[in-house]
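Presented below is the structure to which this report refers.
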4 protein chains.
Amino acid sequence: MLVDIGYAAMTIKGIAERAGVGRQTVYRWWSTKAEILLEASVIDAAEALETPAQDDPVADLTTYLQALVDFLTTSPAGMAYRALLGEAQHDPAVQVLVGDADLLAASTAAVLDRVRASAPAMPQVGLAAAQLAGPVVTTVLTARPPWTADQLRLHAATLIKGWQ
Amino acid sequence: MLVDIGYAAMTIKGIAERAGVGRQTVYRWWSTKAEILLEASVIDAAEALETPAQDDPVADLTTYLQALVDFLTTSPAGMAYRALLGEAQHDPAVQVLVGDADLLAASTAAVLDRVRASAPAMPQVGLAAAQLAGPVVTTVLTARPPWTADQLRLHAATLIKGWQ
Amino acid sequence: MLVDIGYAAMTIKGIAERAGVGRQTVYRWWSTKAEILLEASVIDAAEALETPAQDDPVADLTTYLQALVDFLTTSPAGMAYRALLGEAQHDPAVQVLVGDADLLAASTAAVLDRVRASAPAMPQVGLAAAQLAGPVVTTVLTARPPWTADQLRLHAATLIKGWQ
Amino acid sequence: MLVDIGYAAMTIKGIAERAGVGRQTVYRWWSTKAEILLEASVIDAAEALETPAQDDPVADLTTYLQALVDFLTTSPAGMAYRALLGEAQHDPAVQVLVGDADLLAASTAAVLDRVRASAPAMPQVGLAAAQLAGPVVTTVLTARPPWTADQLRLHAATLIKGWQ
DNA sequence: TAATAATCGAGACGGTACGTCTTGTCTTCGT
DNA sequence: ACGAAGACAAGACGTACCGTCTCGATTATTA
């Protein structure tokens, strides 16, 4: 529905009608649009961002970054996550929701674990995760063209070198 | 007003009343809340992110990053920018607006110019800017605690080393 | 419950909860609020309107009228009857119910029987009953102050004289 | 609309839609269904119940009573009045409204004035008005067949005789 | 005594009206 | 003439109650 008509036009009334369900039933299970989106994206995100290990640490990070870009720009769950991040800037309650959920934490932790051996100076995991994913996420959120494979590889290389 | 009552409660009706102005008059000048916010933040952003040159490239980047964190987390203009980014995830028209404006471009370009000499492998300016600012921006947008001075310095150091 | 919270606030849901009973159980026995009220008032009405014979026909009618006023203005069963009459103006099904029940018929017939000897020109019982009770009922239903004892006696006297 | 679909099905939502008007606009002018009905019936009532003087006092009252029966049983305004009386039994606020308006007072006062000369013992106007109209109104409200012309004349004759 | 049936309370369900709110447009009226 | 004030049609909001529908759990009844 988000993909079809956009977040703004996606009313709870509409969701209920589209689902052939009473409005109260929707409210019974989720109290805001944000909760619906969170539940809809949290599982798919974990799945979409699970990438296979690679021989080369740069390749490992690059593969992950590519999956992240694809998730954010093409998958419905990624759209939901972006909408959620958007809502969080307007509504403190959603901010808490988003802060607690941290959709990317598990997947970044996994890939960073794999390259830790080749990156002895890598900072604490939260910081490193932000260094890895932050530029890509911000690029997407600020509506700039998503990075190409080359740009992703360059970013991965910079980090691996910086973490030596 | 954004700071007082939050973005969601900030209706165009309310803006007009608060300004002691007819609703039509507001519509005459801006057609959406987003345009109002953009105009309210674009100038202040440039000003707030203009940082003095430092001797050391790491210190130079760190100073900039600290200004960026302060802007995003404490200044009204920064709040407006975040709200704007939020709205952009819901509304394609705002996405275009945000993409065109690129509030951070000028200031990142300036600081990156100053450290270029010490960072021979620095990528093209857009990519480097994202590497610099992206992690900080994402950390703020995802409602995680903003980085401390130490963490900012560590990030700057990683980049300078990665760009060698 | 009618007395406590009024007819409008008296929902079938509320009735069931107050009775500590499932909603379905209420529907099993009565299908509308009106049926519940009818059953609640029909017996009490007969009892409340049974008045002792008096020597004087005017006194006989007056006693009955006083009982009628008290029933309509103070007793729960009277409240229920008024609510029922109200509902009948909105809902044809209740109209039938009310028409069939005719809560006052038995008691007016009894008192009119007793005064018939002193009122040779009394019309057919239905008409006379309406002449007797109608003014009092209408006064109550139109929210005017209910008649005093003096006014009731005057009304009774008018009828007895008119029926000579 | 009352005539078409009945009082119960006549929702404010529906009224607004049928009038091609926003819901808020309806609420701006009237706050309840009852006020709408009152306004719709008060003028028509006065008009419908204005009857020409007759030579004979019994005929005068009978003509009035016939007009009253017709008003209550056939005219839309009469339907509205009955619905209003019904609502008054459920809602104290409407009770006040109905009590204040007293739709029949002016017309009964007029006809009673005309026959006063022939009815020296006629009680105070409010009481006499109830004696005149009450039986007819109650007969209609309790869903009994409305009185025929003969029955109306009989009732008028009883009163004139009782008021001698 | 154990299996079976009937009945109950609780409450979720699809609907739909409620009265409030904000939207963007369109008068009206006073300066 | 301009602009504030605010009426307007539209439609989503979240709540309440409607009457129907499963649920288990407690009774009764039967085997």
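Residue numbering restarts at 1 for every chain, and letters A, B, ... go by the order of the sequence lines. The analysis underlying the following values was restricted to heavy atoms, covering all of them including side chains, and did not include hydrogens, waters or symmetry mates.
In this structure, D:W30 places its CH2 atom 14 Å from P of F:dA7, rounding to the nearest Å. Regarding A:H90, its NE2 atom lies at a distance of 17 Å from the P atom of E:dT22, rounded to whole Å. Across the protein-nucleic acid pair, B:Y27 atom OH and E:dT25 atom P stand 7 Å apart, rounded to whole Å. As a whole-Å value, the separation of C:K33 NZ from F:dC17 C1' is 10 Å. Going from atom CD1 of A:I36 over to atom P of F:dC13 covers 10 Å, rounded to whole Å.
Note that the CG atom of A:L97 and the CG atom of A:D102 stand 12.5 Å from one another [nearest 0.5 Å]. B:R23 contributes atom CZ, which lies 11.5 Å from atom CD1 of B:I15 (distance to the nearest 0.5 angstrom).
When the options B:L141, B:V136, B:V140, B:T142 are evaluated for a side-chain contact (heavy atoms from CB on, under 4.5 Å) with B:T138, the one that passes is B:T142.
Closest approach of C:S31 and C:E35 over heavy atoms only: OG-OE2, 3.2 Å.
Formation of a donor-acceptor pair under 3.5 Å by the D:Q89 side chain with backbone atoms of C:E87 is not found in this model. In this structure a side-chain-to-backbone donor-acceptor pair under 3.5 Å is present from D:S41 to D:L38.
Side-chain nitrogen and oxygen atoms of A:T25 include none within less than 4.0 Å of the OP1 or OP2 phosphate oxygen of E:dA12. Neither OP1 nor OP2 of F:dG3 sits under 4.0 Å from any side-chain N or O of B:W29.
Between C:S31 and B:G22, the residue whose closest nucleotide on DNA chain F is further toward the 5' end is B:G22. Place C:R28 and A:G20 on DNA chain E by their nearest nucleotides, and C:R28 ends up nearer the 5' end. Two residues, A:Q24 and B:T32, neighbour DNA chain E, and the one matched to the more 5' nucleotide by heavy-atom proximity is A:Q24.
Within residues 2-19 of chain A, no residue has a heavy atom under 4.0 Å from DNA chain E.
Using the six-membered ring where Trp is involved, D:Y7 and C:H90 have ring planes that are parallel, under 30° apart on the 30 and 60° scheme.
No hydrogens or angles were tested; on distance alone, nothing pairs the side chain of A:R23 with the base of E:dG14 as donor and acceptor under 3.5 Å.
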